[in-house]
Amino acid sequence: MNEEIENAVFRRAVGYDVQEITEEYSGDNELVKRKVSSKHYPPDMTAVKTMLELGLDGDELKNLSDSQLKELKKRLLRQLEDLTKGEGNENNNSDKQN
């Protein structure tokens, strides 16, 4: 797992804050209104569970061999594929019901 992905999972696991900027423009492309708001994303238990299941923190990831990293990557890609297949089926089922 590369450092960027590890950081993203960690961020989701502990929660984070972001600033959202909404701008409205007139027909002449002039800024009419600008709103800056903060939004808090609470800790995500799925991300926490993922980190615990992997049993890895940043230092342990750095110590994995190339073959161990490749195997971890394959496993995570399979899990992601299974999740996206499930979402696709849910979307297809809801479309059929409408």
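Note that these values count all heavy atoms, side chains included, but never hydrogens, waters or copies made by symmetry.
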Taking distance alone, no hydrogens or angles, what donor-acceptor pairs closer than 3.5 Å link side-chain atoms of residues 42-49 to residues at least two apart or in another chain?
unit_1	atom_1	unit_2	atom_2	d
Asp44	OD2	Arg12	NH2	3.2
Asp44	OD2	Ala47	N	3.3

query = So if you build clusters from Ile, Leu, Val, Met, Phe, Trp, Tyr with side-chain heavy-atom gaps below 4.5 Å, do Tyr41 and Ile5 land together?
reply = no
request  = Among Arg78, Gln79, Lys85, find the residue that satisfies the side-chain contact (heavy atoms from CB on, under 4.5 Å) test when tested with Glu81.
outcome  = Lys85
Could you list the donor-acceptor pairs under 3.5 angstrom formed between side-chain atoms of residues 15-25 and any protein atom two or more places apart in sequence or on another chain?
unit_1	atom_1	unit_2	atom_2	d
Asp17	OD1	His40	ND1	2.7
Glu23	OE1	Tyr25	OH	2.7
Glu23	OE2	Arg34	NE	3.1

